[in-house]
Amino acid sequence: MLPYIMILLAIDTSCDDTSASVLSDDVILSNVVSSQIEIHQKWGGVVPNLAKRAHIDKIDNVIKEALTVLNPKSEILKSKQSRNSNTKTQNDEFGGEMEKIDVIVVTQGPGLSPALGVGVDKAKELVKKYKKKLVAVNHIKGHLLSVFLKSKQDDLREIDLPALALTVSGGHSMIVRILPDFKYEVVGTTLDDAAGEALDKASKLLGLGYPGGPIIEKMAKTGDINFLKLPRPMKGHKGFDLSFSGLKTSFYYSIKDWSKEKIEANVENLAASFQEAVFDSLMGKYVKAIEEYETKSLIGVGGVMNNETLRQKIEKTGKQRGLSVYFPHSKALNGDNAAMIGMVGFYKAKRGQFVKDVDSFDRDARLEL
Ligand code: KG4
Ligand code: ZN
């Protein structure tokens with residue numbers, strides 16, 4: 001095993017997944033994600049206070065499970081023990097594994113404020129109790145750089161830069177240039193709803209479940225994308241910004257007088273038409289940005305990148321232009337997860353960017369990229 005610089009514990013509770021991850025530098029050792037889908041499903045969307053309560057219930061066990069990778073038999077621990085041979089093992093609620101952690105990383109925002117607070121409070125508690133350093137990370141930056149995460153030390157994630165990333169989730173939709181040294185430049189962003197949010201709302205309108213993205217994808221497979229004529233918001237506009245709220249309204253008015261039976265009879269076609277309108281709008285601006293900016297690679301990240309149709313559109317765009325296309329090395333890294341937060345934390349820690357005043361550190365639900 002190659003030498004590592006630090007062992008990190010990362011926590012993300014930004015929305016409806018409780019997640020903790022252990023990394024050695026930018027390599028994932030464990031990445032535990034406990035989804036709350038079942039809790040929110042009956043409400044048709046995430047209920048912030050229920051999310052908070054579920055995070056509180058789950059966080060300790062999720063952290064414990066992530067830490068088990070540092071059990072005494074692991075290779076990582078052997079080398080770490082020789083480095084920290086003077087540290088006494090604490091047999092407390094985290095099984096003494098906390099002593100092997102160098103840095104704690106937590107998502108500061110953006111996200112749902114009550115949900116974010118649980119992760120931030122837990123990180124502060126652990127930092128103080130075990131005398132660790134704290135790094136705060138922007139959740140969108142985690143998604144953006146999730147493509148660089150490694151599954152093992154000798155993983156090759158050499159991505160030719162500058163790259164143009166399309167990052168789309170339930171909370172954001174952005175086109176971002178990634179430059180050497182992880183510098184970045186936001187090229188375009190949504191002016192209202194995120195692409196995943198639009199899919200979730202369309203699913204609700206069709207009487208399908210939550211989260212809508214995967215359900216719409218399944219339905220759309222056998223549907224006709226030309227069944228319903230829907231607008232392509234921002235198409236004629238200058239620049240690279242996106243908008244999905246008008247599309248959602250237009251979809252609503254198209255079917256508002258339809259009976260339940262008529263909607264049910266056409267649900268695949270409606271799902272296909274709506275999904276196509278969302279992805280066509282995304283790709284229209286993305287391709288325009290590829291043509292405008294010098295780009296060597298294309299990157300697709302965020303929860304909506306689980307969608308095969310969208311992945312294929314990006315693959316095709318790359319192929320046509322001779323550009324390499326990258327997604328995170330596993331689909332589990334598209335959605336919310338703490339590993340991506342830990343990786344950004346690693347780079348910040350390497351530069352010494354720690355939280356200076358832990359007591360006054362707080363979440364920021366509207367933190368900008
Ligand atoms: O990144 P993520 O897990 O959480 C946020 O930061 O929002 O993304 C969740 C979003 C939801 O809107 C969900 O409907 C969407 O990603 N999503 C999908 C698919 N899987 C998840 N959208 C389209 N197709 C999918 N297969
Ligand atoms: Zn996210």
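Start at 1 and go down the list; that is how both ligands and their atoms are numbered.
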Quick test of your reading of the model: are K131 and E99 salt-bridged, counting only N-O distances below 4.0 Å? no

Closest to atom 22 (N) of ligand 1 among protein heavy atoms sits G213 CA, 3.3 Å

Closest protein heavy atom (residue, atom, distance) for atom 12 (O) of ligand 1: D200 OD2, 2.8 Å

For atom 7 (O) of ligand 1, the protein heavy atom that lies nearest, with its residue and separation: G170 N, 2.8 Å

For atom 26 (N) of ligand 1, what's the nearest protein heavy atom and its distance? E217 OE1, 2.8 Å

Is any side-chain N of the basic residue among K285 and D241 closer than 4.0 Å to the acidic one's carboxylate O? no

Salt bridge D60-K122, side-chain N to carboxylate O under 4.0 Å: yes

Closest protein heavy atom (residue, atom, distance) for atom 24 (N) of ligand 1: N307 ND2, 3.0 Å

What protein heavy atom is closest to atom 15 (C) of ligand 1, reported as residue, atom name and distance in Å? V304 CG2, 3.9 Å

What protein heavy atom lies closest to atom 2 (P) of ligand 1? Include the residue and the distance to one decimal. D336 OD1, 3.6 Å

Might you point out which heavy atoms bring I28 and L23 nearest each other, and give the distance in Å? CA-CG, 4.4 Å

So which bit of H139 gets within less than 4.0 Å of ligand 1, heavy atoms only: side chain, backbone, both or neither? side chain

Within 4.0 Å of some non-hydrogen atom of G196, the atoms of ligand 1 are 12 (O)

Is the F240-Y286 ring centre distance short of 6.0 angstrom? no

If you look at D336, which of its N/O/S atoms is nearest to the Zn ion (ligand 2)? OD1

Starting from atom 17 (N) of ligand 1, locate the nearest protein heavy atom and write down its residue, its atom name and how far away it is, to 0.1 Å. G303 O, 3.5 Å

